[in-house]
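Notes for the one structure printed next.
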Amino acid sequence: MSTLDQPVMQKKDYKTDQEVRWCPGCGDYSILNAVQGAFAKLGKQLHETVIISGIGCSSRFPYYMETFGFHTIHGRAPAIATGVKVSNPALDVWVVTGDGDSMSIGGNHFIHALRRNVGLKILLFNNRIYGLTKGQPSPTSEHGKITKSSPLGTVDYPFSPIALALGAGGTFIARGVDVFGPHLENVITKASSHAGTALVEIYQNCNIFNDGAFKGFTDKEVRDESILYLEHGKPLLFGAQKDKGIRFDNNFQPMIVSGSSLGSAFVWDETAVNVAPAMALATMSETEFPVPVGVFRRREKPTYETAIQNQIAAAQQKKKESLRDLLRAGEIWDVK
Amino acid sequence: MSTLDQPVMQKKDYKTDQEVRWCPGCGDYSILNAVQGAFAKLGKQLHETVIISGIGCSSRFPYYMETFGFHTIHGRAPAIATGVKVSNPALDVWVVTGDGDSMSIGGNHFIHALRRNVGLKILLFNNRIYGLTKGQPSPTSEHGKITKSSPLGTVDYPFSPIALALGAGGTFIARGVDVFGPHLENVITKASSHAGTALVEIYQNCNIFNDGAFKGFTDKEVRDESILYLEHGKPLLFGAQKDKGIRFDNNFQPMIVSGSSLGSAFVWDETAVNVAPAMALATMSETEFPVPVGVFRRREKPTYETAIQNQIAAAQQKKKESLRDLLRAGEIWDVK
Amino acid sequence: MQTPNSTHTSLDKGLQDLDQVVIRFAGDSGDGMQLTGDQFTRTTALMGNDIATFPDFPAEIRAPAGTLPGVSAFQLRFSSYDIHTPGDAPDVLVAMNPAALKVHLKELKKDGILLLNTASFSPLDLKKAKYEKDPRNDDSLSGFRVIEVDLEARTREALAHLTLDVRAKDRCKNMYALGILYWMFHRDMEPTIKAMAQKFGKKPELVEANVAAMKAGYAYAETTEVFQTAYRVAPAPMKPGTYRNIMGNQALCLGLVAAGQKSGLKLFLGSYPITPASDILHQLSSYKHLGVVTFQAEDEIAAVASAIGASYSGCLGITSTSGPGMALKAEAIGLAVMAELPLVVLNVQRAGPSTGMPTKTQQADLLQAICGRNGESPVCVIAASTPADAFEVGYEAVRIAVNHMVPVIVLSDGYIANGSEPWLLPDVDKLPAIPVTFAAEGTPGAKFMPYERNPETLARPWARPGTKGLVHRIGGIEKQDVTGNICYDADNHQHMVDTRAQKVANISNGLPPIETVGPRTGDLLVLGWGSTRGAITAATLRLQEEGHKISCACLRYLNPLPNDLGALMRGFKRVVLPEMNKGQLTMLLRAKFLIDVQCFSQVNGQPFKTHEIQQYLKQSLAGLREARR
Amino acid sequence: MQTPNSTHTSLDKGLQDLDQVVIRFAGDSGDGMQLTGDQFTRTTALMGNDIATFPDFPAEIRAPAGTLPGVSAFQLRFSSYDIHTPGDAPDVLVAMNPAALKVHLKELKKDGILLLNTASFSPLDLKKAKYEKDPRNDDSLSGFRVIEVDLEARTREALAHLTLDVRAKDRCKNMYALGILYWMFHRDMEPTIKAMAQKFGKKPELVEANVAAMKAGYAYAETTEVFQTAYRVAPAPMKPGTYRNIMGNQALCLGLVAAGQKSGLKLFLGSYPITPASDILHQLSSYKHLGVVTFQAEDEIAAVASAIGASYSGCLGITSTSGPGMALKAEAIGLAVMAELPLVVLNVQRAGPSTGMPTKTQQADLLQAICGRNGESPVCVIAASTPADAFEVGYEAVRIAVNHMVPVIVLSDGYIANGSEPWLLPDVDKLPAIPVTFAAEGTPGAKFMPYERNPETLARPWARPGTKGLVHRIGGIEKQDVTGNICYDADNHQHMVDTRAQKVANISNGLPPIETVGPRTGDLLVLGWGSTRGAITAATLRLQEEGHKISCACLRYLNPLPNDLGALMRGFKRVVLPEMNKGQLTMLLRAKFLIDVQCFSQVNGQPFKTHEIQQYLKQSLAGLREARR
Ligand SMILES: Cc1ncc(C[n+]2csc(CCOP(=O)(O)OP(=O)(O)O)c2C)c(N)n1
Ligand SMILES: Cc1ncc(C[n+]2csc(CCOP(=O)(O)OP(=O)(O)O)c2C)c(N)n1
Ligand code: SF4
Ligand code: SF4
Ligand SMILES: [Mg+2]
Ligand SMILES: [Mg+2]
């Protein structure tokens, strides 16, 4: 992306003159910080980057990044971004969306972007709530959640964005956490280098309407025991001493192993053809098992925009037609 | 459903006075036949059944069923049906949709119905093409498909409706084939008895715009060797002599076994908690492996509409409030 | 604050009688201004004044503390006579920080009272508020009666005896300010004490803190020299009956619920959250004990679609949204038009286009409601004009929808939705009946005809699935009348297009005559619809007092228009129509009646001010006199 | 078939000269009527006649063979003079089966020629066509010149020497019929022979079969006694130049591509299939060699959204659809209005509301285009009026969109989309230039101002992502002018609402004067827009010939309206406006000009017939004379 003659970017270069207007303590601040960190490491040029968002607290993101930014309408960012990327593949196109924006009203565009493998980097800020509209349940809110619009608790069941993305055929699927700065930065960096659609689900705390949604497994005290860091080629181990592991029984049922049987821990391959293992991890119960973060899936696959460009290039090779000839195609006749 | 004092229904009773207007040879005819067969077996009462469809050749279905029918708008049938089922759970509500109707414009409503586990029976007529609009590719059309709108072949990748439904958290997910009448009738019967959302993907031949889309594995000659009939509690065997089977390696990678190692074939459990095995089958390559038909997943889970009804019943138990009192809630004062 | 007339309080400080006061509380989002205003409103309502309120929220997203975008305000006006608006410029401004001062000072009346919290005037605070220098040290505040109080310090003192942490104590400073105003305006503290007990019931220390702060403020005002006089506003002469203070969204919900109970229909709301309509979803969700079903859908399309499904199944389908969501519902509403099912669509309008300014008010979705669908797709459109009026409008929407088997779009707006006024509770037994008759069980052999119409209304029968002998098919494709079978015949299509139009037109036959303020003939007729009613009425009344031949009428029914509208308009020399859009109703009236209706347009996200309308009308009247010479 | 004037052919059968003929081919969907009509059209065009066509497809879904809903028809009219419509009642009806006869006989002119295929008159065939008894045996056919031919038997004979199976041979019977008509109307078979060679190039036996069948038909007509006379229609005097026969959807695509090349912009079409707009997607998809990018989206919302993204990235974003899809695009079009990006939206209208009658034509989406969004959301709306005109309209849409940085909605309809006419090819070098200037690289330090406007047009700069120094943020929330920063200020919002409106209004400054047929003053002005142009013009010309003071004008620009429209209307005693809706443009004109414009409304899914309009106008003129007495 950035070539020699271009300036080296510092983290601060990505900051805009607009004052950041999230609630004090909102997880979005740390995500903004991680993104700017990753962009600086990758040396992204400001003018080569486009950030497209929908509507939601999270979707205010573009205003705080000194790149091209388009704050669009609720749920449609992936569709708009597809138009941008397909018509100008040279651009580095990012989508910033929320769990309501992407899983609720924007669910269709979300799964279709993944299906087509358009070269978009999607950052899904999942706070399991509608922040901007002041606290209704989202499709990722836990079953039974009590909110203004569900005073007796929600009766619907949450999506796992990771599972949904796997079902839709996504080629890069990962998860990060707002408070795991360096890890998040790293995941974002990996996403950036993936050619096709890259989804990064980011657990984000909304301290106003859903405070502590993730503390159960992200708090400093519990973190080590309750987070499973996915590392390519390494066994699925967790715990401060990496003394516990995950293996699967013959029915693909995950189980926690330790001690002598630690060796049976499943060796993680983020590039596996088969989505089943990733699916098994994505659907593990948060309460009985550690929560996986990192890369669930990473598969190379031709992107939508390159395929289109190739078709066009080939067609242009094969057939040259002037506008005049085009209009005269088919039967024509002259009147004197 | 049907009680003793109600008439016993014959297959013919479900036929309407409207002449069926699909192209001669269309797979929709056999599906109509299978549905009427299943309904007769189940003794469904005409007036207790509602069939709601979107737009497409397949969506003309309700006009040919002597039940309540609502031919709505493109892609929205699941949302409309949700309103019907939630507001009147006593009704037996069916959704008939096409691969464009449900996977393209209606994708979002489709995954959300599955997420909520609303008691809808969804029959997805998958002919891997847009029939009604005369032959454009659908989200289930194979990569590289040549059509009027993709003269050089499509560049996007198809959804597997089964995989998508698994990713969305569906509780009953099955597949049938138009030309496998009795099997299809059976699958539909099973779907009917499932309490939550039941999805039946039906491979359907569009002999006008996508003729032979499935013949590669459904034709009489090849069927036995290329279809894998999923049977609960039985090993995954196929072939005329059931002399081949499917097992999974340690990485969940499916492989074909035969002869001595036939015993290692995976024993199918459609009620498994874990979706991984179903996912592994749903994503098997059609060319390298047999194509699974039957029930991929069947899990009991409280339905959306019952949960709502229970909340309301409980609330009504707990609090009685007259209209008068409701209006007078909060601070009131009198002016003499 | 007109007509002072001095008397004396027990503490021999001056006590003046006023006939009306406009107070505006302004502070940081975190300062609890909405709650403070709400408390003052409830107390004042209970004390029998007429009252109108106007909350002015900051933009949806939370802004950093102390900044201009973070300022939240609540204006209220109370009086000893019948009022129609929350007032234009405030008599009293409570400014909790420099930002609030910066944003709202320009509106304070000359000689108005400014209660200024001096706690937060550090250079940083001033910078956040974009003040070069401290406004207290230049002449910014001259011409106002400024009362400076360090609310923070005072409140901390007052709560010194409590163990709460400082931040919790500071959060009570709004109550201290409220106490001061309660003394100034001779308000009773009891209702608020009760309210605090309810609100913080579970946390007694918070109840105590809030009440203590309020009492301290009251005492402070009573004792210090700073406050020379208190003011009294006598109760307003109001129609006898039981009252309740109500906001527009609340009233709309109650109207729907009342209609549900009167008609015996189960209510089903399919909705997707959106400002400023979300509260409708919230409130109806709290009515499960009344059998109301609410469904938070995945998007606005699913929301309206589910409501259509509910109506199809024999319940009353409702969907609620605002502008952008309304745009998404257009196609599905067209299906309801074709299926000829009852449906109630609530659009709480906000400032557009696109996302626009979600927290600001506007009336620019009228043409969208009437014309915003493909094909000739007629629906009924009615509008609420005040918070209390929303009750009747919600009720009426249901009546029309089921009586005529037609979608009804109800237009409200952010100003009505969040504004409040005293509401004279209706006698539930006297509410008009809403008769609903579902198609009866069919007789074996006889084919049910889903489009066999009521000759008078042209409504088709409502056939509930589950009813024996009524199986039938309907859909969005053109259909043969009576049978409902798909039909592409040209004459039939013309017939159905005409029939659907006539069915909606017929609604106007049952409507009451248009209510006017003033005689039905004269020089100038001011027409309005929706939330402009208050300002239009107030301005008209003032001009009538000045002896002008002016009348006004606010239209509830926008499609179809009332049958007597043309005659009414022709009874005046000129017709003027203030709208918070670029002339949408004006266009419809000009086209229909070929009368040169003049639009007074304002599209700035703010409600009209009475004096602005009054001024425009004065000029228009002057113009008429000119013309006569 | 007026003005017969007998001469003689070589085969001394009568040969009559005619100045125009209307032929209608009607048969089963499977009978290839569209292809047959298409062949006759091409041949006739090549022979220099003026020609207009009107295909009338059955409903989208395929109906069973031989049934009424399955009937497909193609009407064409050719002449030795300038014509404007495919004609009203046919002179010649080709009926391939009883169903076709049943549906179309009622329209055949008295004494008209009926070529009837007798192959399929079995009782079953008659039953399918809902004939109680064989119409040949009662007087159903009396009053027509009936020619009965067993096309199936004859065709099989003719192809006896070929090895094809019977079904394939039977599929050639339409060519046999075509051959008969070629003889009857003195047409050259060569073009069709060429066409068959192209069409079935890979299957020589099919080429041979089709050609053989046609020649056999020709010979049959020439030799048998059944046919006494052939007819000749001399070439029409047409403007010199190179012609091509073109359909509306085709022309629209070519107009867009031409504009793309002239402006140097890459075209991006985001679309979702829908009748009758799908062919636009199909055709543009075949232009990859011209660099056109087409994206078949998951739905209409994604389609327009992707087009907006393309425009944002510096390409020309286009989206194509029909009514129901248009409804879904409303919210996103509002975003384009706010973002002030160029965008071309093509709505090929069909009969609504809701799904309506997808294969039938209508003009009822005009108000949706202009008013169908939330908030004050102004866009430019223009309409195509004939198949060939669609080229210019497509071209003009791009010019306006990029010149004014505004969404342009183009209205066409099913009648234009599938109808065809000879098109005088434009000189590509003479096409008006479409200058595009993107914002230049920014200078370091200087902040780019995305809403700094062109003082004349008020258009904002088009800044391509990827350009150094232009990074900026835009969105759907109200923004400050010039900087583009989010802004909730009341005065700014009013300013922006006014500016967006003025920007669209400014488009009318650059427009050419309205073209009229007839003088610019007189008794009656007939206004029209879109596909009614042909019938309106034809009717007007006839009445002018009768000496009436009548003129007509067809408006291309519907929003903003042309500046000279008011003056033009005031030049006439009365203004009449035929529309295939319930008076949508009529309403706009009445509201804007307070002129009592009379709408002649027809909403039956069929195009107007010239004589219907002529009759209405005659009455209107009579009414005027009355009034004068
Ligand atoms: C068409 C439309 N519908 C609804 C809304 C209201 N709305 C704005 S943001 C939002 C959801 C926000 O939730 P999420 O996407 O999770 O973002 P968050 O605020 O939590 O970051 C909704 C319902 C809208 N702006 N537009
Ligand atoms: C809003 C809207 N967009 C597009 C269409 C046009 N349309 C009708 S059916 C259809 C797709 C049909 O494909 P599928 O759902 O697979 O049904 P099939 O005809 O193959 O059975 C489309 C695009 C429409 N009717 N409405
Ligand atoms: S509401 Fe929640 S998500 Fe939104 S800014 Fe505040 S803390 Fe963050
Ligand atoms: S087009 Fe295809 S799907 Fe539609 S009716 Fe014909 S064969 Fe069936
Ligand atoms: Mg969220
Ligand atoms: Mg299909």
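These figures come from a predicted structure and were not determined experimentally.
A donor-acceptor distance shorter than 3.5 angstrom exists from the side chain of C/K102 to the backbone of C/K130, with no hydrogens or angles considered. Between the side chain of C/R460 and the backbone N or O of C/E340 there is at least one donor-acceptor pair closer than 3.5 Å. Distance alone, capped at 3.5 Å, places no donor-acceptor pair between the C/D413 side chain and the C/V348 backbone. When atom types are taken as modelled, the side chain of D/K503 and the backbone of D/M405 share a donor-acceptor pair closer than 3.5 angstrom. Judged by distance alone, the side chain of C/Q584 and the main-chain N or O of C/L366 form a donor-acceptor pair under 3.5 Å. Checked by atom type and distance alone, the side chain of C/Q602 never pairs as donor or acceptor with a backbone atom of C/M580 at under 3.5 Å. A donor-acceptor pair under 3.5 Å is absent between the side-chain atoms of D/T275 and the main chain of D/T359, judged by distance alone. The backbone N or O of C/H104 sits nowhere less than 3.5 Å from a side-chain atom of C/E107 that would complete a donor-acceptor pair. D/E579 contributes a side-chain N or O that, together with a main-chain N or O of D/T586, makes up a donor-acceptor pair within less than 3.5 Å.
Interface summary for chain C: among D/P324, D/G352, D/A369, the most heavy-atom pairs under 4.5 angstrom belong to D/P324. Of all the listed residues (C/A591, C/A327, C/A364), the one sharing the greatest number of non-hydrogen pairs under 4.5 Å with chain D is C/A591. The residue among D/P353, D/A332, D/G475 with the most heavy atom pairs within less than 4.5 Å of chain C is D/P353. Options D/A490, D/G375, D/G372, D/S354 differ in how many heavy-atom pairs under 4.5 Å they form with chain C, and the most are formed by D/S354. For the set D/S601, D/G323, D/S377, D/G356, the entry with the most heavy-atom pairs within less than 4.5 Å of chain C is D/G356. With chain D as partner, the option from C/M587, C/M496, C/R590 having the largest number of non-hydrogen pairs under 4.5 angstrom is C/R590. No other option in C/Q363, C/R373, C/K479, C/Q362 has as many heavy-atom pairs under 4.5 Å with chain D as C/R373. If you tally non-hydrogen atom pairs under 4.5 Å between each of C/D365, C/L594, C/L367 and chain D, the highest count goes to C/L594. Put simply, of D/Q349, D/K582, D/M326, the one with the most heavy-atom pairs under 4.5 Å next to chain C is D/K582. With respect to chain D, the highest number of heavy-atom pairs below 4.5 Å among C/C371, C/G334, C/G605 belongs to C/C371. Interface remark: of the candidates C/I333, C/I486, C/D489, C/D498, C/D498 forms the most heavy-atom pairs closer than 4.5 Å to chain D.
Using a 4.5 Å cut-off between heavy atoms, D/I370 makes no contact with chain C at all. For D/K592, the part lying under 4.5 angstrom from a heavy atom of chain C is the backbone only. If you measure heavy-atom distances from D/M338 to chain C, the contacts under 4.5 Å come from the side chain alone. Heavy-atom distances place the backbone of D/I595, and not its side chain, under 4.5 Å from chain C. Looking at C/N347, neither its backbone nor its side chain comes within 4.5 Å of chain D, counting heavy atoms on both sides. With a 4.5 angstrom heavy-atom cutoff, D/E331 touches chain C via backbone and side-chain atoms both. If you measure heavy-atom distances from C/I301 to chain D, the contacts under 4.5 Å come from the side chain alone. Only the side chain of D/A501 comes within contact range of chain C, with heavy atoms under 4.5 Å apart. With a threshold of 4.5 angstrom between heavy atoms, D/K360 approaches chain C through side-chain atoms but not through N, CA, C or O. Contact of C/E376 with chain D is made through backbone and side chain together, with heavy-atom distances under 4.5 Å.
Using the six-membered ring where Trp is involved, C/F54 and C/Y415 have ring planes that are perpendicular, over 60° apart on the 30 and 60° scheme.
A salt bridge links D/R500 with D/E478: the distance from a Lys NZ or Arg NE/NH1/NH2 to an Asp or Glu carboxylate oxygen falls below 4.0 Å.
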Which is it for C/T319 and C/K329 under the side chain to side chain donor-acceptor pair (under 3.5 Å) test, yes or no, and what are the steps along the way? CA-CA 9 Å; C/T319 188; C/K329 294 177 193 287; 2.8 Å; yes
Can you list the steps and then say if C/N604 with C/Q606 is a side chain to side chain donor-acceptor pair (under 3.5 Å)? CA-CA 5 Å; C/N604 64 2; C/Q606 294 297 322; over 6 Å; no
